[in-house]
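Note that the numbering runs from 1 along the sequence shown for the chain.
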Amino acid sequence: MSEEILVQVHENWAEITLNRPDRLNAFNETMHLSLHAALDDIRAQVEAREVRALLFTGAGRGFCAGQDLGDRDPAKMEGAPDLGDTVRRFYAPLVRRLRDMPCPVVCAVNGVAAGAGASVALACDMVLAAESAKFIQSFAKVGLIPDTGGSWHLPRLLGEARAKGLAMTGAPISAAQAADWGLIWQMLPDAELMQGARALTAQLAAGPTLGLASTKQAIHAAAQNSLDAHLELEADLMKVCGESADYAEGVAAFLQKRPAAFQGR
């Protein structure tokens, strides 16, 4: 794994940091490959119940500026770059890894999140942002579309009108406006962001993570399911959760008026 991706495993949760601060953590191919490998390793630890939540953030003054355009500059290439291939090989698999991670994924946006950087943040389950952070759909500035799931997440989170407005103008929105619009979970003062994000991740990791992963699965499926199909999915997931050790512990703790000690199984 390259130094462009930092991984730290805490007691029962992991933290990934994008680490190209001199480039505002913009993606190049080495960084993509290292991040994919890190996420695959963390998923294996989640499945072994060694890791129960994930925090994703960036080093320096920005979260992620999206694609490093120096790597995809037509003037430096023989012919036009195949950006569809770039999406299929790197960005789409990244979104799938984040969305399919069988545990809560928290994103701490510590500065600008632009282009694919904004889309990566939205692929996480809960997004906290520093007060000074900005979200920018910068694709329009270079004649592209919001990729990395951006054109899927934006209308679902904001509605078609706001999604089109942001995508077509590239206008930045503040963390406060993002929180007000429901684009992110919460805005925090800059000095409190990482402390708050780590506390939230640790809280989720100590929770009934089998149930939290099932909640994530149900919410993700809701946009495509009919009501009848979704009621069936809820019943299936409730059967699994109801047979879990976490449910038995949660009920016992409630009746005994004590904190629950969940194990994620």
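Connection of L122 to L193 is not established within any shared hydrophobic cluster, with ILVMFWY side chains joined at heavy-atom distances below 4.5 Å, either directly or through further cluster members. F56 and W185 are members of different hydrophobic clusters when ILVMFWY side chains are connected at heavy-atom separations under 4.5 Å. A continuous path of Ile, Leu, Val, Met, Phe, Trp and Tyr side chains, each step under 4.5 Å between heavy atoms, connects M101 with L35, placing both in one hydrophobic cluster. Cluster membership check: L212 shares its hydrophobic cluster with L128, using side-chain heavy-atom separations under 4.5 Å among Ile, Leu, Val, Met, Phe, Trp and Tyr. Linking ILVMFWY side-chain heavy atoms closer than 4.5 Å, directly or via other members, places M168 and V142 in two distinct hydrophobic clusters.
Atom CG of D236 sits about 10.5 Å away from atom OG of S214, to the nearest 0.5 Å. To the nearest 0.5 angstrom, Q8 atom CD is 8.0 Å from T17 atom OG1. The CD atom of E192 lies 10.0 Å from the CE atom of M187; values are rounded to the nearest 0.5 Å. In this structure, the separation between CG on L231 and CE on M238 is 12.0 Å, given to the nearest 0.5 Å. Summarising the geometry, atom OG1 belonging to T215 is positioned 10.5 Å from atom NE2 belonging to H220; distances are rounded to the nearest 0.5 Å. Rounding to the nearest 0.5 Å places CG of L237 at 4.5 Å from CD of Q217.
In this structure, G250 and A260 approach most closely via the heavy-atom pair CA-CB, 4.5 Å. The two residues A59 and P21 come nearest to each other via the heavy atoms O-CB, 3.9 Å. For the residue pair S244 and L210, the shortest heavy atom distance occurs at CB-CD2, 3.5 Å. The minimum heavy-atom distance between D246 and P208, with the atom names listed, is OD2-CA, 3.3 Å. Taking both residues in full, the closest heavy atoms of Y91 and G66 are given as OH-C, 4.2 Å, listed atom of the first, atom of the second, then distance. Across all non-hydrogen atoms, the minimal contact from A38 to I16 is CB-CD1, 4.2 Å.
Looking only at side-chain heavy atoms (C-beta outward), H153 and R99 come within less than 4.5 Å of each other. Annotation: side chain of R20 is in contact with side chain of D68 (closest heavy-atom distance under 4.5 Å). In this structure, C103 and T209 have side chains that are not in contact, with every pair of non-hydrogen atoms separated by 4.5 Å or more. Counting heavy atoms from C-beta outward, F27 and T86 have side chains that stay 4.5 Å or more apart. Counting only heavy atoms from C-beta outward, the side chains of Y247 and C241 never approach each other to under 4.5 Å. Contact annotation: the side chain of L98 approaches that of L94 to within less than 4.5 Å [non-hydrogen atoms, C-beta and beyond]. Looking only at side-chain heavy atoms (C-beta outward), I42 and L54 come within less than 4.5 Å of each other. In this structure, M194 and L55 have side chains that are in contact, with non-hydrogen atoms separated by less than 4.5 Å.
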Evaluation steps, side-chain contact (heavy atoms from CB on, under 4.5 Å), between E249 and Q263: CA-CA 9 Å; E249 167 63 10; Q263 301 176 52; over 6 Å; no
How far apart are the C-alpha atoms of L200 and Q186, what are their side-chain angles, what is the distance that settles it, and do they pass the side-chain contact (heavy atoms from CB on, under 4.5 Å) test? CA-CA 11 Å; L200 174 61; Q186 193 175 25; 5.9 Å; no
Please report the C-alpha distance between V106 and T57 in whole Å, then the side-chain angles of each, then the deciding distance to 0.1 Å, and finally whether the side-chain contact (heavy atoms from CB on, under 4.5 Å) criterion is met. CA-CA 9 Å; V106 177; T57 191; over 6 Å; no
Do S119 and F139 pass the side-chain contact (heavy atoms from CB on, under 4.5 Å) test, and can you show the C-alpha distance, the side-chain angles, and the key distance before you say yes or no? CA-CA 11 Å; S119 298; F139 303 95; 4.1 Å; yes
Starting from the C-alpha separation in whole Å, work towards a yes-or-no answer on salt bridge (charged side-chain N to carboxylate O under 4.0 Å, His left out) for D100 and R96. CA-CA 6 Å; D100 295 342; R96 292 187 181 105; over 6 Å; no
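R97 contributes no side-chain N or O that, together with a main-chain N or O of R43, makes up a donor-acceptor pair within less than 3.5 Å. Side-chain atoms of S138 do not come within 3.5 Å of backbone N or O of K141 as any donor-acceptor pair. In terms of modelled atom types and a separation under 3.5 Å, the side chain of N25 and the main chain of F63 share a donor-acceptor contact. Proximity of a side-chain donor or acceptor of N19 to a complementary backbone N or O of E3 within less than 3.5 Å is detected. In terms of modelled atom types and a separation under 3.5 Å, the side chain of N110 and the main chain of G62 share a donor-acceptor contact. No donor-acceptor pair under 3.5 Å is formed between the side chain of K216 and the backbone N or O of V105.
L24 meets the side chain to side chain contact (heavy atoms under 4.5 Å, CB included) test with R61, A65, V112; sequence neighbours excluded. Every residue was checked against the ring-ring contact (aromatic ring centres under 6.0 Å, His included) condition with H230, not counting sequence neighbours, and none meets it. For F135, the ring-ring contact (aromatic ring centres under 6.0 Å, His included) test picks out no residue, with sequence neighbours left out.
Atom CD of E232 sits in a sparse spot, with 12 or fewer heavy atoms from other residues, nucleotides or ligands closer than 6.0 Å. Within 6.0 Å of CH2 on W181 lie more than 12 heavy atoms contributed by other residues, nucleotides or ligands. By the 6.0 Å contact criterion, CD on Q195 is open, its count of non-hydrogen atoms from other residues, nucleotides or ligands being 12 or less. Other residues, nucleotides and ligands place no more than 12 heavy atoms under 6.0 Å from the CD atom of E160. Atom CD of Q256 has more than 12 neighbouring heavy atoms from other residues, nucleotides or ligands inside a 6.0 Å radius.
The aromatic rings of H32 and F90 lie parallel to each other, with less than 30° between the two planes, well short of the 60° mark.
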